[in-house]
Amino acid sequence: MNSKKNYTGAIFAASVLIIVFIFPPLLTRNWFLGNLFHFDTTGPIGDTIGGIINPFIAIIAAWLTYKAFIMQYDANQELRKDAEINRFENIFFQLLNMQQGIINELVLRAEVINKDGKENFPTQKITLHGRETFRHIYEEGTSCKIQLKDGYVVYGGIKHNIKKLGYNYMAKNENLSFLDHYFRHLYRIIKYVDESPVLNKKEKYSYICILRAQLSEYELGLIFYYCLSTNENGNFKRLTETYALFNDIRDYVLNDPIKDKEQYKAGAFNTKYPE
């Protein structure tokens with residue numbers, strides 16, 4: 001497209017040079033004009049040339065003014081877009097910092113009783129912070145009893161319970177409500193990118209990749225199954241399919257990788273940029 005514009009501009013410039021510097025002098029030669037008119041009846045040579053060239057100069061001046069206006073308009077549009085992108089990025093990275101703050105504030109104080117089914121196994125009192133909380137509540141064994149500080153009790157990890165009770169386990173278990181803030185805010189970040197009017201599809205995908213790179217494997221597992229529960233109205237799941245949020249999810253994180261992945265469209269695992 002740019003080469004075509006450059007080619008057209010070159011032709012126009014050459015035409016202008018021919019008209020301004022070559023054609024006017026020819027008009028002063030009787031052998032060129034023949035019997036069309038003679039300068040003894042049309043006035044001095046300068047008046048003739050001026051009368052011929054002035055309209056062309058006016059046209060060229062108008063064209064240059066138009067081009068200058070277009071260039072200034074394009075520059076203003078570019079500056080405006082840059083400002084809008086800067087504003088978007090400021091909010092986006094603030095949201096990422098807030099999401100990290102939500103993760104850092106996660107604290108799991110629990111008593112792990114009868115770990116691995118061993119009799120007389122001493123009670124383990126544990127305190128977990130931040131991202132290590134995800135691994136514990138997601139991957140704990142089938143016979144592990146986790147008693148939360150608020151009196152709630154979770155038997156086994158989320159992954160095991162989903163395999164046993166189905167995809168709606170996270171929706172039905174109120175003991176997991178402490179994760180709701182995490183999911184809601186994460187959804188808002190992705191929705192903010194998706195609804196941005198200043199980004200094209202490829203740019204939106206790039207920002208989601210930044211977000212995706214900060215998710216641990218257990219977070220991906222939690223999000224994967226959360227989107228399949230009735231807690232979620234389908235919008236979060238749609239966005240994961242649009243921006244390949246589970247592109248990096250490992251099979252061992254899921255209970256049944258083949259069956260579980262069939263619950264999503266291929267876009268949830270697609271590595272290509274959107275068209």
Side-chain angles (χ1 to χ4, degrees), residues 1-98 187-213 235 238-239 241-245 267 270-275:
M1 187 68 179
N2 290 333
S3 60
K4 185 176 180 180
K5 288 183 177 179
N6 293 336
Y7 181 71
T8 303
I11 293 177
F12 180 82
S15 301
V16 170
L17 291 175
I18 291 173
I19 293 173
V20 173
F21 294 104
I22 298 178
F23 188 65
L26 293 178
L27 297 179
T28 65
R29 299 295 181 262
N30 288 331
W31 56 264
F32 178 76
L33 297 174
N35 295 321
L36 291 178
F37 57 85
H38 298 279
F39 290 117
D40 55 358
T41 59
T42 59
I45 293 177
D47 292 342
T48 301
I49 294 176
I52 295 172
I53 292 179
N54 285 342
F56 292 107
I57 293 177
I59 293 172
I60 293 171
W63 180 81
L64 291 175
T65 302
Y66 168 77
K67 290 295 292 183
F69 171 79
I70 294 298
M71 291 175 65
Q72 185 62 49
Y73 175 81
D74 291 342
N76 290 340
Q77 290 295 104
E78 191 68 26
L79 289 173
R80 180 180 178 182
K81 183 177 181 180
D82 290 343
E84 290 175 344
I85 290 178
N86 286 336
R87 190 181 306 113
F88 164 84
E89 287 187 342
N90 288 336
I91 297 175
F92 174 73
F93 287 110
Q94 286 178 14
L95 290 173
L96 288 185
N97 288 333
M98 291 173 64
Y187 166 71
R188 286 297 168 185
I189 297 176
I190 301 176
K191 186 179 180 182
Y192 172 69
V193 176
D194 180 64
E195 294 181 347
S196 172
V198 301
L199 304 177
N200 58 40
K201 290 183 178 180
K202 189 172 182 179
E203 290 169 336
K204 291 178 181 179
Y205 184 83
S206 296
Y207 284 103
I208 297 299
C209 286
I210 295 174
L211 170 63
R212 189 178 66 199
N235 291 329
R238 176 186 61 81
L239 292 175
E241 295 168 338
T242 301
Y243 297 107
L245 194 67
N270 193 356
T271 60
K272 295 182 180 179
Y273 283 109
E275 296 296 334

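Owing to the predicted nature of the structure, the values given are computational and were not obtained by experimental measurement.
The nearest pair of heavy atoms linking Asp194 to Lys204 is O-NZ, 2.7 Å. Taking both residues in full, the closest heavy atoms of Phe92 and Ile210 are given as CE2-CG2, 4.3 Å, listed atom of the first, atom of the second, then distance.
Between Leu211 and Val193 the shortest side-chain heavy-atom distance does not fall below 4.5 Å. Ile208 is not listed as a side-chain neighbour of Thr242, based on a closest heavy-atom distance of 4.5 Å or more.
Between atom CD of residue Glu89 and atom CD1 of residue Ile91 there is a gap of 11.0 Å, rounded to the nearest 0.5 Å. Note that the OH atom of Tyr187 and the CG atom of Asn235 stand 4.0 Å from one another [nearest 0.5 Å]. One distance of note links CD1 of Ile85 with OH of Tyr207; it measures 6.0 Å at 0.5 Å rounding. Note: Gln94 CD to Asn97 CG = 7.5 Å, rounded to the nearest 0.5 Å.
With sequence neighbours left out, Glu203 forms a side chain to side chain donor-acceptor pair (under 3.5 Å) with no residue at all. A search for ring pair (Phe, Tyr, Trp, His ring centres under 6.0 Å) contacts involving Phe93 returns nothing, not counting sequence neighbours. A search for side chain to side chain donor-acceptor pair (under 3.5 Å) contacts involving Gln72 returns Asn76, not counting sequence neighbours.
Ser196 contributes no side-chain N or O that, together with a main-chain N or O of Tyr192, makes up a donor-acceptor pair within less than 3.5 Å. Panel note: side chain Arg188, backbone Leu95; no donor-acceptor pair is recorded below 3.5 Å.
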